[in-house]
Every structure is written in structure tokens, then in C-alpha cells.
There are 2 protein chains.
Amino acid sequence: MSETKDRPYHHGDLRRALIDTALAMLAAEQNWTFTLREVARRAGVSHAAPYKHFRDREMLLRELARIGFIRLGESLSGAMSPNMPSTRAQFMAAAQACIGFACQNPGLYRLMFSSDADKTIDPPLHDAAMSTFGILLGLLERGQRDQSFRPVSVSALAAASWAQVHGLAMLTISHQLLEETVEPEPVLAALDVLLDGMCYTD
Amino acid sequence: MSETKDRPYHHGDLRRALIDTALAMLAAEQNWTFTLREVARRAGVSHAAPYKHFRDREMLLRELARIGFIRLGESLSGAMSPNMPSTRAQFMAAAQACIGFACQNPGLYRLMFSSDADKTIDPPLHDAAMSTFGILLGLLERGQRDQSFRPVSVSALAAASWAQVHGLAMLTISHQLLEETVEPEPVLAALDVLLDGMCYTD
DNA sequence: CACATAAGTTTCTCCTGTAAACATAGAGGG
DNA sequence: CCCTCTATGTTTACAGGAGAAACTTATGTG
């Protein structure tokens, strides 16, 4: 049921195909209009076919966002995997990975944090987001245990770093981070400023 | 031409009325669907009337965003007006004002930073955003002159604080800032973490 | 006072989301 | 081996939005 070239009538795995098509569209366009009919069109099926797999348009969007959070989590874990010199360096790597992820998938990243991806009505999406957030929490707790980060409440550290990194990512993909400088300098410098407030001694 | 109660045919100042109606809708709903026809309906005119004042839907959205930036700038200026003990305190007040503005106008705030409000094709909007951003820059430069903030490059300080405050605002209005604590504690604590990295001695 | 024009309205086309009815392939029971 | 059930398609239909075009009504100016 995999590669019969002539889509006879039943697609085989339309659900997966729709998700892949939608992800591709999201990756291609910063534009981000995303009509369900266009997804169906590009997947080569009728415009009503998606409704056999997703209750409505937003359900597909939330599934895409869920996949996005999983991928982001993988990026974060991957970025800080090796034995790095310091927890601070690990944080730096994870933050850059997050911003890099946003730059490479701006449409998906926007979706993940848009009101279309309502986590309060979608437990799997909520869990995926929390799981990715947990990676950050783990890093912060580790940093406090090994005396890298100051003993502020973890929720304060988490809020600060989550907001900072997310804010940098959003501003970067919106090109609102100072027009004159296109280089990543201000991003790195901004992260250093934050880390100076988080770490014991710089 | 101001308050003829019976809208006879010509509205008087439909442009203003449309903006006000749209702002009211934005304030009321977190939902943020915003159809131009609905605005026209609530303003009591036909659905094509708005096109006499705005080339398309997005032009109205950008005008709303522009007004939003102006109002945000007023909030910021107002919050740090009196003679405060320290530049750090001024920064704290401005940051809280920004987050408070976002909480009171979540729809408008989202619009201001959404891709619908494309600053690269709308000079007046761009100017308004830059003007508000300039308030932050001014505060940072003042803080460096009076030795409150460390002599890092201003663009680094600006990126850090802009991203942090914007990130906190977005996460707050999305209720993504830790589910268990509804209080503003983590926000204030997060700002303190940032300020510890920006200031010389706490 | 005639009339050009600004500012409304109606009408139209194309698009979207979504529901309902219909069609078909593949699986399972007699 | 055939009949039917069901999952997964398709077609058709409808409500609603964006925007263009053509029409209408005030309004201000020669």
C-alpha cells in the first residue's frame, strides 16, 4: 500500500500525506495563509477528503504545531548533547538552536505560538509543548545544582529565558531586530546580557 | 458635519468610525478573526463602504497597528515620567507598562506584531514602531550615561530587553507562562533576572 | 444652477470552510 | 466465491468573506 504510482482511489496514507504537504507549504512560505483546500489540491485529492482525517482545519493546524514542538525539542536536545565546557555554554547552544529552528521554519514556528494552536483544548499538543519546555527546565535545574546559575526560583529563570529566547526568535523572523544589523551579533549579545544576570560570575 | 444623529447617506467621518469600531472589536475579543464585513456591519454601513477609505483589509489592519504603537508609546512614556529613584526602576516600570498594555489589549498587541502588520511596506507604521522603540533606546542610553547599565553595546541591551519584554507579554497573553501560577510573580522575577545582567551592581 | 466628485450602495465573481449525499475499494462472514 | 459493511474517497451544495465594477446620492464650487 505504499508506492502504487497511480493513486487509484484510496490514497494509502492520506493523513500523513496531508501533514507532509502542509509542512512543506509552511516551510516554503513565510506568507502563511494556509487554506485547507490548497493543501488538498497539492496532495492531489478532493477538497473534502481531509475531513475524513481531521475534524476541521484547526485540528490539522494543531497537529502541525504538535509536530513542530517535537521537532523543536529534538533540536534543543541535539544542540546541547555533547560534553560542553559549562552549563552556560549549553544554554547558549540551546538558545541558538531554538532561534535557528525559528529562522529555518518561520511559518511553523509562528503557528506553534499562534492562537490557532490552542493548547488548552488539545491535550496532545499541550503535552508536546510542555515536554519541550521541560528540556529548558531540566537545563536550568542542572545549572542550579552545579552552581552555574544563581539560586533564584526556577520559575523566574524559566520565565526569563523562555521569554527572552522566544522573543528573540519572533523578532528575528519578523526582521524587527534593528534594521541596520543583519548579523546575529545582537542576538548573541542579548543572550550574554541575560546570562550575566543568570550566572554567578561571568 | 459632526453629530447629525440620522446618518442620512454620508456618514460624516466613516474612516474614524471604522477605526473605532475595529478597535472596539479588537479590545473585546481575544478571538481575533476580524472580518472587514463585520466591521462595516457594526459601523452600520454596507460591506463595500470601507473600501472608499482603505485600499484593502490589511491597510485597515496596519492603521490599527500604527495606532497601537502610538498608544503603547504613550503608555511607556507615561509609566516612567516622574522622578524615579533609579533608571532601573524606570525600566521596570516601563516593562510592566508594556506587559500591562498587552494584557489590556491582547488582540491589538497581537496584531501589532503579527505578519499582517507588515512594517516593510508601510512607512507610517514603521515610523510609529520605531518611535516607540526609540523610547526604549533613550532609556537605555540614559542608563548607560548615569552608570546604571553596563557599557555593553546599546544594540545588545536593546535586543535583550525588547525581546524579553515582548516575549513576556506574548507568553502572558497566551497564558503560556506556567499554568500553576497566575500571579505576576514570574514576570517580575524574570525582569529582575534580566536587570541583574544589565546593571552594574544590583 | 449645473455638474464634477467624494462617499455611499448593489451586484457580481471567486474563494474558503464545512456539511450531506454518493461512490468505491478492500475486508470479513456466509 | 459472492455479498455486504465500512473506511475513505468524490461531488454537490450552501453560507460567508474579499474585492471589483457599476450605480446612486450628497456636496461644494464654477
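Chain naming here is simple, since letters A, B, ... match the order of the sequence lines and numbering starts at 1 in each.
A donor atom on one side chain and an acceptor atom on the other are found under 3.5 Å apart for A:Gln90 and A:Arg142. In summary, the side chains of B:Arg145 and B:Thr87 do not present any donor paired with an acceptor at a separation below 3.5 Å, with no hydrogens or angles considered.
Taking 4.5 Å as the limit, some side-chain heavy atom of A:Phe34 sits within range of a side-chain heavy atom of A:Leu64.
Salt bridge present: B:Arg41 and B:Glu38 bring a charged side-chain N and a carboxylate O closer than 4.0 Å.
Without hydrogens or angle criteria, A:Arg57 side chain to A:Leu36 main chain gives no donor-acceptor distance under 3.5 Å.
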Identify all pairs in which a protein N or O lies below 3.5 Å from an N or O of nucleotides 17-19 of chain C, and state each distance.
from	atom 1	to	atom 2	distance (Å)
C:dG17	OP1	A:Leu36	N	2.8
C:dG17	OP2	A:Leu36	N	3.1
C:dG17	OP2	A:Arg37	N	3.0
C:dG17	N7	A:Arg37	NH1	2.2
C:dG17	O6	A:Arg37	NH1	3.2
C:dT18	OP2	A:Tyr51	OH	3.2
C:dT18	OP2	A:Arg57	N	3.0
C:dT18	O4	A:Arg37	NH1	3.2
C:dT18	O4	A:His47	NE2	3.3

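Between B:Asp116 atom CG and D:dA18 atom P the separation is 12 Å, expressed in whole Å. Counting to the nearest Å, the P atom of C:dA6 and the CG atom of B:Asp13 are 16 Å from each other. Nucleotide D:dA20 holds its P atom 13 Å from the CE atom of B:Met59, rounded to whole Å. A straight line from CG of B:Leu60 to P of D:dG19 spans 11 Å, rounded to a whole angstrom. Rounded to whole Å, atom P of D:dT10 lies 14 Å from atom CZ of A:Arg41. With rounding to whole Å, A:Lys52 atom NZ is found 16 Å from C:dA25 atom P.
Checking C:dT10, D:dT10, C:dG8 against the side-chain heavy atoms of B:His53 singles out C:dG8 as nearest.
Legend: salt bridge (Lys or Arg N to Asp or Glu O under 4.0 Å) pairs involving residues 114-129 of chain B, not counting sequence neighbours, sorted by first then second residue: B:Arg62-B:Asp122.
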